[in-house]
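Keep in mind it's a predicted model, so treat the numbers as computed, not measured.
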Amino acid sequence: MRVIASNTVAGTSSPFVVARRVHIVTGRSSGDVLLGDEFFLAAHDDLGGKLRLHRVNLGLGLAGALLGELVLTERIAVKRGHLWVSDTRPPEDVLSHSVLSHLMNEDDVSSVTPWLRYLAADAYDQVGTRLVHSGHAHRRQARRLLRTVTVFDLVDPNTAAGPVARLSSRLHARHPLSLLDATLIGLMAATGLEKEVTRDAPVPAHRLIPDLVGRLPPPLRELVAATETAVGDAVLSHRR
């Protein structure tokens with residue numbers, strides 16, 4: 001689905017969306033909840049642990065989430081397809097610190113898209129390792145299609161189900177969303193994961209998502225749009 005819809009511009013959302021609008025509560029993100037971890041959990045089935053996304057989409061979504069963590073903590077800014085470091089103070093999280101250091105060391109690359117592709121290459125392993133360190137996952141090696149891959153098994157099904165259950169509940173009830181949760185829904189929609197929070201809704205909750213994402217602060221809105229574009233380009237490249 002197109003995340004940024006034309007009918008969200010300049011307050012021209014459809015009457016249906018306006019009447020049932022989900023509000024966003026702005027404010028700085030809590031360091032206890034990390035966007036990348038939440039996306040990782042949402043992208044896995046909470047019972048069997050199987051991926052809900054193609055690996056390419058997963059990597060790009062996690063890359064967008066890692067950059068989103070730095071936007072939410074006001075370490076980087078995003079505008080007109082470019083990003084730059086706005087605060088060089090190291091984040092508390094080790095992985096966020098590592099991503100920020102990469103951005104600072106390669107400041108000649110300012111376009112968002114190359115950074116999404118670069119970070120996507122090992123975002124799954126990086127975020128999975130962070131979840132291992134926090135006690136939410138175990139790492140193991142598995143054979144897939146004649147090769148060995150790293151797999152992360154989630155420890156607690158309730159923790160694994162948390163992001164999707166929370167977003168689904170709040171979206172269906174039209175309860176306000178935190179800035180982190182609104183960005184998470186945007187990244188889920190950008191990668192094709194939004195059905196996990198819109199299924200079984202009493203009304204078509206998916207109609208709310210373009211309006212919701214359209215009201216994100218511009219840096220986060222641009223990041224979601226760039227992630228969606230990168231996913232679309234990856235799909236087209238795979239088909240050629």
Side-chain angles (χ1 to χ4, degrees), residues 3-4 8 21-44 46 52-53 58 60-78 83 86-87 89-100 112 115-116 119 123 126-128 130-131 134 136-137 154 158-191 193-194 196-198 205 208-228:
V3 178
I4 307 295
T8 65
R21 173 168 283 179
V22 176
H23 295 286
I24 300 173
V25 180
T26 58
R28 296 198 64 165
S29 172
S30 168
D32 296 334
V33 181
L34 295 166
L35 184 59
D37 292 1
E38 297 292 278
F39 187 91
F40 189 101
L41 295 175
H44 287 76
D46 53 282
R52 290 167 164 160
L53 282 177
L58 175 61
L60 288 167
L62 287 170
L66 290 174
L67 292 177
E69 291 177 7
L70 295 176
V71 174
L72 287 166
T73 55
E74 301 178 358
R75 294 307 197 276
I76 66 171
V78 179
L83 61 79
S86 56
D87 186 344
R89 289 177 300 164
E92 294 182 8
D93 176 67
V94 173
L95 179 52
S96 290
H97 185 185
S98 175
V99 174
L100 182 64
V112 174
W115 279 113
L116 286 170
L119 294 172
Q126 296 280 358
V127 177
R130 183 166 68 183
L131 286 167
S134 65
H136 293 305
L154 303 176
N158 291 327
T159 299
V164 167
R166 182 182 70 250
L167 295 180
S168 179
S169 174
R170 300 195 72 82
L171 192 64
H172 295 176
R174 309 301 186 264
H175 288 163
L177 293 172
S178 69
L179 199 52
L180 184 146
D181 278 351
T183 306
L184 177 58
I185 285 182
L187 289 172
M188 291 175 71
T191 54
L193 195 57
E194 78 285 350
E196 299 301 329
V197 297
T198 58
L208 299 168
I209 294 179
D211 172 77
L212 182 67
V213 176
R215 288 182 289 109
L216 284 171
L220 291 169
R221 189 169 67 240
E222 285 206 28
L223 184 58
V224 168
T227 302
E228 183 181 37

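T198 OG1 to L167 CG: the interatomic distance, rounded to the nearest 0.5 Å, is 11.0 Å. Atom CZ of R170 sits about 6.5 Å away from atom CG of L177, to the nearest 0.5 Å. To the nearest 0.5 Å, atoms CG (L67) and OG1 (T183) are separated by 12.5 Å. For the atom pair CG (L66) and CZ (F39), the distance works out to 10.5 Å, reported to the nearest 0.5 Å.
Ion pairing of D181 with R166 is present here, as a side-chain N (NZ or NE/NH1/NH2) and a carboxylate O approach within less than 4.0 Å.
Of all heavy-atom pairs between G64 and L187, the closest is C-CD1, 4.0 Å. Residues R75 and P90 share a closest heavy-atom pair of NH2-O, 3.7 Å. Listed here is the closest heavy atom pair of E69 and T73: O-OG1, 2.9 Å. Across every non-hydrogen atom of E38 and P163, the tightest pair is OE1-CG, 3.5 Å. Contact detail for T159 and L41: the closest heavy-atom pair is O-CD1, 3.7 Å. Across all non-hydrogen atoms, the minimal contact from V164 to V197 is O-CG1, 3.9 Å.
Between the side chain of S169 and the backbone N or O of A165 there is no donor-acceptor pair closer than 3.5 Å. One N or O on the side chain of R221 and one on the backbone of G214 form a donor-acceptor pair closer than 3.5 Å. S98 places no side-chain N or O within donor-acceptor distance of the main-chain N or O of V94, the cut-off being under 3.5 Å.
Residues L208 and R174 have side chains in contact (heavy-atom distance under 4.5 Å, counting atoms from C-beta outward). Counting heavy atoms from C-beta outward, H136 and D37 have side chains that stay 4.5 Å or more apart. By the 4.5 Å heavy-atom criterion applied to side chains, L58 and L62 are counted as neighbours. You'll find the side chain of L154 reaches within 4.5 Å of the side chain of F40, heavy atoms only.
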Exercise. Under the side-chain contact (heavy atoms from CB on, under 4.5 Å) rule, what do L72 and L220 come out as? Steps first, then yes or no, please.
Key: CA-CA 8 Å; L72 287 166; L220 291 169; 3.9 Å; yes
